[in-house]
Amino acid sequence: MRKVIVPAVVRYDTEGNMAPLSFEWEDGTVYEIDRILDKSRIASQVGGIGLRYTVRVLGRQRYLYYDELDKVWFVETK
């Protein structure tokens, strides 16, 4: 497994809560998030502690992480 840092478009509400709307993969492809299924505070297997968003992208479940220490979004991949 490796950590791929990705640019993300995020919506913030009036209370400061964030919700990712899309992210850009290494090849420049932008993936729209169809739905956020879950949000939990958890450590990643590839390093980083923060929020893990379980999201649906193109009908498939994926994990998108926000590393609160480094202030970056990332995806775990093989």
Side-chain angles (χ1 to χ4, degrees):
M1 297 286 282
R2 68 184 179 101
K3 178 189 226 177
V4 177
I5 296 173
V6 296
V9 174
V10 181
R11 178 179 43 104
Y12 291 87
D13 68 15
T14 57
E15 296 176 4
N17 299 309
M18 59 185 169
L21 302 175
S22 66
F23 64 91
E24 183 179 332
W25 195 242
E26 295 173 304
D27 65 0
T29 304
V30 174
Y31 292 98
E32 300 292 328
I33 294 170
D34 301 327
R35 184 172 183 174
I36 297 172
L37 303 171
D38 186 48
K39 177 176 102 171
S40 58
R41 189 168 304 284
I42 192 167
S44 165
Q45 294 179 10
V46 295
I49 297 174
L51 298 173
R52 180 180 77 181
Y53 289 82
T54 305
V55 298
R56 186 176 305 140
V57 176
L58 298 174
R60 297 185 68 186
Q61 182 176 304
R62 298 282 183 236
Y63 296 124
L64 177 63
Y65 292 85
Y66 179 70
D67 187 321
E68 294 174 318
L69 181 62
D70 293 333
K71 306 282 189 237
V72 296
W73 290 89
F74 69 91
V75 176
E76 295 174 335
T77 189
K78 295 179 181 181

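Since we're looking at a predicted model, the values are computed, not measured. Computed from heavy atoms alone, side chains included, the values below leave out hydrogens, waters and symmetry copies.
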Here the pair of heavy atoms bringing K3 nearest to D67 is NZ-OD2, 3.7 Å
For the hydrophobic clusters of this structure (ILVMFWY residues joined by side-chain heavy atoms under 4.5 Å, transitively), does one cluster hold both L21 and V72?
no
Nearest-0.5 Å distance that lies between atom CG in D70 and atom CD1 in I49
10.5 Å
Between I33 and S22, what is the shortest heavy-atom contact and its length?
CD1-N, 4.0 Å
In sequence, state the C-alpha distance, the side-chain angles, and the governing distance for E24 and V6, and then conclude on side chain to side chain contact (heavy atoms under 4.5 Å, CB included).
CA-CA 6 Å; E24 183 179 332; V6 296; 5.7 Å; no
Quick check: is V75 connected to L58 through a chain of hydrophobic side chains (ILVMFWY, heavy atoms under 4.5 Å apart)?
yes
Would you give the length of the straight line joining atom CZ of R41 to atom NZ of K39, rounded to the nearest 0.5 angstrom?
8.0 Å
Tell me, do V46 and R2 make a side-chain contact under 4.5 Å, heavy atoms counted?
no
For the CD1 atom of I5 and the CD atom of E26, what is their distance to the nearest 0.5 Å?
10.5 Å
Which atom of G47 lies closest to which atom of F74, heavy atoms considered:
O-CZ, 3.6 Å
Spatial distance of atom CG (D13) from atom CE (M18) [nearest 0.5 Å]:
11.0 Å
Of all the heavy-atom pairs spanning G50 and E68, show the shortest one and how long it is.
CA-OE1, 3.7 Å
Give a yes or no on whether Y65 and V10 share a hydrophobic cluster (residues Ile, Leu, Val, Met, Phe, Trp, Tyr; joining criterion: side-chain heavy atoms under 4.5 Å apart).
no
Heavy-atom check, side chain of L37 versus side chain of Q61, under 4.5 Å
yes
How long is the span from the CH2 atom in W73 to the CG atom in L51, to the nearest 0.5 Å?
7.0 Å
Atom pair CD/OH of E76 and Y63 - distance to nearest 0.5 Å:
9.0 Å
ILVMFWY cluster, V57 and V9 together (side-chain gap under 4.5 Å):
no
